[in-house]
Amino acid sequence: MRMSKQFGRTLRQAPADAETISHQLLVRGGFIDQLSAGVYSYLPLGLRVKKNIESIIRKEMNTADGIEVLLPTIQPSAIWETSERLFTMQDVLFKLEDKRGRTMVLGPTHEEVITTLFSKFANSYRDLPRTLYQIQTKLRDETRPRGGLVRVREFTMKDAYSFDLDEKGLDVSYSLMVDAYYQIFNTCQIPIVSVEADSGAIGGKGSQEFIFLTDSGEDTVLICDQCDYAANQEKAEFIRPKKTAAQTLNIEKINTPEITTIDQLASFLNIDKNDTAKSVLYMAMPRTGGASFPIFAVIRGDLEINEVKLMNLVDARGITPMTDEELSKYNIISGYASPIEINSEIRVIADISITETVNLVAGANEVDYHFTNTNYLRDWVATDIADIAIADEGHICAKCTGNKAGNLKISRGIEMGHVFRLGKTYTSAFETTVLDQFGEQLTPIMGCYGIGIDRILSAAVEAHHDQDGIIWPRELSPYDIHLTALNFEQDSEVSEEATKLYEDIQVEGLTVLFDDRDENPGVKFKDADLIGIPIRITVSSRNNAENVVELKLRNAETSEKIDKENIIEVLQQLSE
RNA sequence: CGGGGUGUAGCUCAGCCUGGCAGAGCGCUGCGUUUGGGACGCAGAAGCCCUCGGUUCAAAUCCGAGCACCCCGACCA
């Protein structure tokens, strides 16, 4: 590609609203352009990178026995009613009506379509196992797009769906995909950690995420410093710091004027936060619809509620803190809420920490009063006892083996891929069955597997750049070689040599970006660094005089001079 | 959806407080000089000052409403 014919331009300054490095460099380098919040165009350079990522993914998917399909973006809402996700995913669904008033949705993901399709064509156990995948645009009405290409409303995703006869088969399909994922991230040179994850609105049990660790990420993960346990904070399990056991003491009501928070309570009574019980009130929206119901969560004062765990426990599609009206409806005194003698309509959920600790200070459900020495079972009981606490830095790993349990470390990251053992959620909903070898109806078991392609692009830049610009991993680079010609317009020897080299390189099957513009050397070098093609060669009057071409690797400090007759061979070797 | 911020030339921003000709740098066009790390000179083109309404002799500037975009949080297969 001759730069004199290219479309798009590098920018000296990034737009003010680009915050992350990857966003800034991708815009400055002329790879992407924002149209509106969370909606981007790919310019020619960016598109080439995107296509490279797609072909890496295709190769690995095919190796893992995946078969490519292409499913529609526009989908009748009826299939979303069948799966009940028209309701459970209503917040992210783009909806529209056609001229006859039929309602449609723009696909945020494709479980419904793939299951419908699969049902039509698979009739026998001989049709299984199959893993179908596609690379498709997804549309999600995200409330808050952010971070350049990290959270957007229109994006490209590779999604794959496996169908197996039984759990054993799913294990095989699942691990083939996991292996493919490692291979893909490895080729793209994105360092990732695999973490246990919550499966969210998609349903099913068991999932893992592939996380690229970066401070600009929006996911929080906990990683054990002793073993290989790693989990999304939504899911992470940990061992509650133990409180030394003491004799249970008599409950007592004490005056605590204007003390409404755990911090205030601990300092007022001069006790540790883990000597207190914290009560948090929510209204939960049932996953399958219907009226919201109240939940009363109780947790030791040194811990925080994990709302995802809580939501899963009560099978809710969302939970929100109780409003003042709701609190008074259930006779709960804000700041002094107490699990003792609670309104029986309310579902009370206690974190395990509560049952492991004695003599806790809790609210008395009366303004300015708390109880000391409350004890679980003796003074109150919960509807459920469960793990509803959020893991944090320094908590003890729950999965460690051996003598010394490790501590969890907290990091931020971007979710690059997510794989799920879906189970029969969709095949049951769509009544997908095949006949097994005994002539019995059998419901296939599914897995699903996603990778965000735009996110790979961003993560690659986050992971590989310096102050001058991007340093593309070779497999992603928009071109193999950046050919810079200095004094292209003025020195006919340069223009002839460079043009010949441009053609020769292409004959060898390599791709090349040819800077044949009438620009100063400084401009050309700066642009080359910004665009980030890993190999740069320079033809100039000075080099011609020595009969050499200059070679500089983007990630190297210095350049070297290569005899003209050897340059093609050297480039071939570098590109192998 | 809650909190905060910003909308002026393609991009980065000044001007707004204290109302009175629409500005700078970069980029773009032309000419010339230059030519190994975003070089220089001269001459240009380019803005419905986000939108609508109000106040005023006069509004980019003051007031009101709306819209868009960004950030933090909530949400997020």
Side-chain angles (χ1 to χ4, degrees), chain A residues 8-20 23-24 27-28 30 33-39 80 83 85 88-93 107-112 114 138-148 150-153 155 157-161 197-204 207 209 216 218-219 232 234 282 285 307-308 311 317-321 323 414-415 417-420 422 425-426 447-452 468-469 484-491 494 517-530 536 538-545 550 552 559:
Chain A
R9 171 183 300 120
T10 58
L11 301 177
R12 201 177 284 224
Q13 284 170 300
D17 54 18
E19 286 259 321
T20 60
H23 191 190
Q24 290 172 7
V27 172
R28 283 191 54 209
D33 178 69
Q34 178 172 6
L35 179 63
S36 77
V39 181
W80 287 78
S83 65
R85 291 207 297 182
T88 58
M89 283 184 69
Q90 60 183 324
D91 294 340
V92 296
L93 280 178
T109 172
H110 285 75
E111 282 78 14
E112 284 77 4
I114 197 80
K138 308 287 182 191
L139 296 134
R140 292 186 193 172
D141 193 1
E142 297 286 355
T143 335
R144 178 150 116 76
R146 70 177 91 189
V150 169
R151 175 158 298 277
V152 289
R153 299 193 295 171
F155 58 100
M157 179 169 143
K158 184 286 303 173
D159 47 326
Y161 306 88
D198 181 68
S199 46
I202 196 168
S207 80
E209 290 171 335
S216 64
E218 53 176 358
D219 275 290
N232 192 305
E234 294 172 354
Y282 294 98
M285 291 173 279
E307 295 185 356
V308 173
M311 214 154 69
R317 87 183 162 85
I319 57 175
T320 50
T323 61
I414 299 173
E415 178 188 347
H418 200 160
V419 295
F420 302 78
L422 261 190
T425 312
Y426 295 92
C448 79
Y449 318 89
I451 290 186
D468 294 317
T484 306
L486 304 185
N487 281 322
F488 182 80
E489 296 281 335
Q490 292 75 23
D491 184 334
V494 166
R517 298 173 301 171
D518 185 16
E519 291 286 355
N520 277 307
V523 173
K524 295 193 173 195
F525 290 138
K526 287 286 183 190
D527 275 350
D529 287 346
L530 181 57
R536 184 184 84 199
T538 304
V539 174
S540 68
S541 317
R542 189 200 282 180
N543 290 333
N544 276 339
E550 197 170 324
K552 180 174 177 304
S559 61

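When reading the values below, keep in mind they use all heavy atoms of this one structure, side chains included, and skip hydrogens, waters and symmetry mates. In what follows, every chain begins at residue 1, and chains take the letters A, B, ... in the order their sequences are listed.
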Distances under 3.5 Å between nitrogen or oxygen atoms of protein and nucleotides 3-12 of chain B:
unit_1	atom_1	unit_2	atom_2	d
B:U12	OP1	A:Ala16	N	2.7
B:U12	O4'	A:Gln13	OE1	3.3
B:U12	O2'	A:Gln13	NE2	3.1

Just to be sure I understand the rule, does A:Arg153 reach a base, reach only the sugar-phosphate, or reach nothing, if contact means heavy atoms closer than 4.0 Å?
nothing
Need one value for A:Asn543: base, sugar-phosphate or nothing, where a base atom within 4.0 Å counts as base even if backbone is also close, heavy atoms only.
base
For the side chain of A:Thr143, counting heavy atoms from C-beta on, which of B:A74, B:C71, B:G37 is nearest?
B:A74
Name all residues meeting the side-chain contact (heavy atoms from CB on, under 4.5 Å) criterion together with A:Asn544; count only those two or more places apart in sequence or in a different chain, and write none if there are none.
A:Glu493, A:Val494, A:Glu497, A:Val539, A:Lys564
Considering every strand shown, what is the Watson-Crick or G-U wobble mate of B:C17 when both distances are under 3.5 Å?
none
Identify whether any heavy atom of A:Thr320 sits under 4.0 Å from a base atom; if not, whether one sits that close to sugar-phosphate; answer base, sugar-phosphate or nothing.
nothing
What does A:Asp91 touch in the nucleic acid at a heavy-atom separation under 4.0 angstrom: a base, only the sugar-phosphate, or nothing?
nothing
According to a strict under-4.0 Å criterion, is A:Gln490 in side-chain N/O contact with OP1 or OP2 of B:U34?
no
Please list, for nucleotides 39-48 of chain B, all pairs of protein and nucleotide N/O atoms separated by less than 3.5 Å.
unit_1	atom_1	unit_2	atom_2	d
B:A39	N7	A:Asn520	ND2	2.1

Side-chain donor/acceptor contact of A:Glu519 with base of B:G38 under 3.5 Å
no
Does the side chain of A:Arg144 get closer than 4.0 angstrom to OP1 or OP2 of B:C72 through an N or O atom?
yes
Distance check, P atoms only: B:G37 and B:C31, in whole angstrom units.
26 Å
What is the nucleic acid contact for A:Asp468, judged by heavy atoms within less than 4.0 Å: base, sugar-phosphate only, or nothing?
nothing
Short side-chain N/O contact to B:G73 OP1/OP2 from A:Arg146, under 4.0 Å:
yes
Which nucleotide, if any, forms a Watson-Crick or G-U wobble pair with B:C28, using both distances under 3.5 Å?
B:G44
